[in-house]
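Just below is one structure, and these are the notes that go with it.
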Amino acid sequence: MLSRLSVVAVYLAASLSTVSCQTFRRLGTCPALGCVLPPDQQDFLPGQQFDIRFEVHAPVNGSEAFNGGVPDEKFNVTIAKEGGRSKSIANFFHLEEPTIEKWTFSWFEDLFAQDAKTPSVVNVASKIYRRVALYEPGTYTVTLKYYSGKTTTASWAVRPLATQKKAKNIIFFIGDGMTTNMITAARLLAHKTINGKYQSLLQLDKFPVLGHQMSHSIDSFITDSANSASALYSGHKSTVNAMGVYADSSPDAFDDPKVETIVELVTRIWGSAWGAVSTAFLADATPIALTAHTRSRYQYGALIDQALHGVTNYSWTKIDGPDAYFGGGAEQFLPGSGSYLGKDYYAEFAKKGYTVSLNNTSLQAASNSSKALGVFCKSNLPVWLDRNIFPENLGKLGNDPSGAKAAAKDIPGLKEMTLKAIDVLHTRGGKKGFFLMSEAASIDKQMHSLDYDRALGDLLELDDTVRATVAKLKALGILDETLIVVSADHGHGFDVFGSADTKYLAEQDGNRKKRSAVGVYEASGLSQYTIENPGVSYNTGPNFPLNWDPRYVIAAGMGASPDHRESFGVNKTGPRVPAATIPGRGSSDYYASSTDNPEGFIVNGTLPVDQSQGVHSLTDVPVYAMGPCQETFGGTYSNIDIFYKMANCLGLAQPTNKTIGGNGK
């Protein structure tokens, strides 16, 4: 009888059989029947802690059926540094040999098998070696031998040592889903040109170094925000939906082999302060991946507990919660079904000495010397456009962070949260410095829903926040000792291809005639967003559009989208919902919504009909850098290299198991 017997069908078929050229895979990083996790071609920071899992698969049925479905429990594993002798894993890392684990999972070999509901069942024998590290730079070969002659090898590279701090602080801005095309469009909306010459520029345009990073995941070339954030924070690519782990095939989403993240390293080695700011809910992928270790990003409540208390189910790097933690997501803090074990996490944070703020007034009044939690609404923060241009839309939302059936009020924006986080982290970090991640989340979220104005509004908010941050650091006298990095986690296939006459479009009949309102090449004209509209003043400052609703607007689109209607003008009543189901036609069959842009023309979708929004794209995304180590961020490189560049600048690549005050665990 197999212990931990669990035949996981549909869930594991979706979460483990990841896209990589084929629609499904048995386990994304394991094409053979023997699996090494971390797999071949992985990089490590010297001294970075991680787990190692080995799996031997015995498919019961399907095209890979082998050995009568009985996995080899007597497999052998060794590791050797280049030029050295092979040793058993246990001997090399001075560990006791772990016990064999067993389980069963299932997956679909292809779409035909999925349609027929005939999964392939796989029995597994496995061992995991927890909390190890490699301290000497070089190449290591890990060898798994099984089934009397089969071999799986993995080549690992430990990067060079970097033990000295070159930057006291790092601020890492992430424009979620942000691409060069979006930055170009945002510049056009907010900054005036005269005869082709911009009269002002974005703050990003003023950064001295520009590079590009490749965003694909470990086993698919289109990534999601979870594993892409994990790559940025840990230097290890992972699988879609996974963070801080290499996804294995076990039934438990929290027992996968872990890798240490940058905030775990910086607190362990230097005792620095750290924080996260996001316009998303705090349990969303980009903010939570700083501390998360799971293959399922959807374990929201448990991941907030992990952020506060660290990993508690296994021995791991001890963290004591963030010093500044600001965003949305009250559902994971209010006692109830959305929080971990139904607990009140406002109270749990308060027990650990946090000030708790539910609005901007309270946030700004909070002490800079205490740890600070700020949760300002349920779900994601309302976008910049609705907070500043169409505030009447906020009253429709039942998103009060206290749980009251009312709209959240006095909500800070990305700039207010970031500047307060800097005050807290600068005070608490002191000589030990700090690490801050600040995310403009709804660039991505609004691009998904094809709401380009709202996405670009949040991108301009990000740029305004970066500008204010530079000024803040100057005022504090720490600009020269702070590395600022601005990048994205992935992109979308967005671009501007002309302009559109919204008045003419609305008055035409028929889809084909409405398309005549689009002006291309010389007919695209000039931006009307920077021309003052008499009687209209938003009081949003010089770095935002003067008119969000001109007659002539940008004509933009996505390379991948559902069926939808397009009219190109700003949606004044709230964020778009471009596609919807039709009664009687299935709950996963999406059509152009009849209530979205009803005056627009139909745009046929390019995605499966069960997709209601746009999806991520393959494009490389930009990386801007200024401050200590800025010169290392030029060129084109993998997303994992951002982690290594930041880690080296912080002196985290250590030859010993360094902790605050000395060496040891």
Side-chain angles (χ1 to χ4, degrees), residues 182-195 197-203 279 360 381-397 407-416 440 442-443 446-447 449-465 467-468 496 498-508 517-519 523-556 566-576 595-600:
M182 297 173 198
I183 294 168
T184 304
R187 185 189 302 114
L188 182 71
L189 265 61
H191 295 273
K192 186 176 182 179
T193 62
I194 297 178
N195 294 327
K197 183 177 182 178
Y198 277 101
Q199 303 302 293
S200 59
L201 292 170
L202 298 167
Q203 179 64 35
T279 55
N360 189 40
L381 267 65
V383 298
W384 184 92
L385 198 67
D386 289 320
R387 283 185 282 110
N388 292 276
I389 308 302
F390 304 118
E392 61 274 12
N393 293 334
L394 303 184
K396 306 172 187 177
L397 306 174
K409 298 179 180 179
D410 189 19
I411 301 172
L414 185 68
K415 179 165 69 175
E416 291 77 20
S442 284
I443 299 172
Q446 298 304 312
M447 280 289 166
S449 61
L450 316 186
D451 201 327
Y452 310 130
D453 293 288
R454 283 175 170 77
L456 297 177
D458 271 42
L459 196 159
L460 289 169
E461 181 185 31
L462 170 64
D463 188 70
D464 193 48
T465 301
R467 180 181 293 104
V496 175
S499 66
D501 183 340
T502 56
K503 180 179 179 182
Y504 183 83
L505 189 152
E507 294 183 7
Q508 305 311 303
V518 176
S524 63
L526 298 172
S527 172
Q528 302 295 300
Y529 295 86
T530 56
I531 297 175
E532 189 171 354
N533 188 9
V536 176
S537 178
Y538 304 129
N539 295 315
T540 52
N543 300 303
F544 293 91
L546 295 175
N547 185 5
W548 279 96
D549 189 28
R551 173 177 169 179
Y552 295 92
V553 299
I554 59 170
E566 191 55 77
S567 62
F568 300 111
V570 65
N571 289 269
K572 300 177 183 178
T573 59
R576 290 185 70 178
T595 58
D596 177 66
N597 289 340
E599 76 283 4

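In what follows, residues are counted from 1 in the order of the sequence shown.
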Whether the side chain of [X] engages the backbone of [Y] through a donor-acceptor N/O pair (distance < 3.5 Å, no angle test) should be reported.
{"X": "T193", "Y": "Y198", "result": "no"}
{"X": "N388", "Y": "W384", "result": "yes"}
{"X": "D501", "Y": "Y504", "result": "yes"}
{"X": "R551", "Y": "Q528", "result": "no"}
{"X": "D451", "Y": "R576", "result": "yes"}
{"X": "E532", "Y": "T530", "result": "no"}
{"X": "S499", "Y": "S524", "result": "yes"}
{"X": "N360", "Y": "E416", "result": "no"}
{"X": "K415", "Y": "R467", "result": "no"}

Return the [atom1] to [atom2] distance between [X] and [Y], rounded to the nearest 0.5 Å.
{"X": "L385", "Y": "L460", "atom1": "CG", "atom2": "CG", "result": "10.0 Å"}
{"X": "Q446", "Y": "L459", "atom1": "CD", "atom2": "CG", "result": "12.5 Å"}
{"X": "E507", "Y": "T502", "atom1": "CD", "atom2": "OG1", "result": "10.0 Å"}
{"X": "M447", "Y": "S442", "atom1": "CE", "atom2": "OG", "result": "11.5 Å"}
{"X": "D453", "Y": "F390", "atom1": "CG", "atom2": "CZ", "result": "8.0 Å"}
{"X": "L450", "Y": "N571", "atom1": "CG", "atom2": "CG", "result": "10.0 Å"}

| request: Look at atom NZ of K572 and say whether more than 12 heavy atoms of other residues, nucleotides or ligands are closer to it than 6.0 Å. | output: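 Open: at most 12 neighbouring heavy atoms sit under 6.0 Å from NZ of K572.
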
Next item on the list: Applying side-chain contact (heavy atoms from CB on, under 4.5 Å), run through N543 and D463 and close with a yes or a no.
Entry: CA-CA 9 Å; N543 300 303; D463 188 70; 5.5 Å; no

| In terms of the angle between their ring planes, are W548 and Y529 parallel, tilted or perpendicular, with boundaries placed at 30° and 60°? |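 Rings of W548 and Y529: perpendicular, over 60°.
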
Which atoms form the tightest heavy-atom contact between [X] and [Y], and what is the distance?
{"X": "S567", "Y": "E599", "value": "OG-OE2, 3.1 Å"}
{"X": "D549", "Y": "N547", "value": "N-OD1, 2.9 Å"}
{"X": "A185", "Y": "V496", "value": "CB-CG2, 3.8 Å"}

R454 and D458 ion-paired at < 4.0 Å =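 Salt bridge absent between R454 and D458.
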
The residue among V518, N597, I554 that forms side-chain contact (heavy atoms from CB on, under 4.5 Å) with F568 is V518

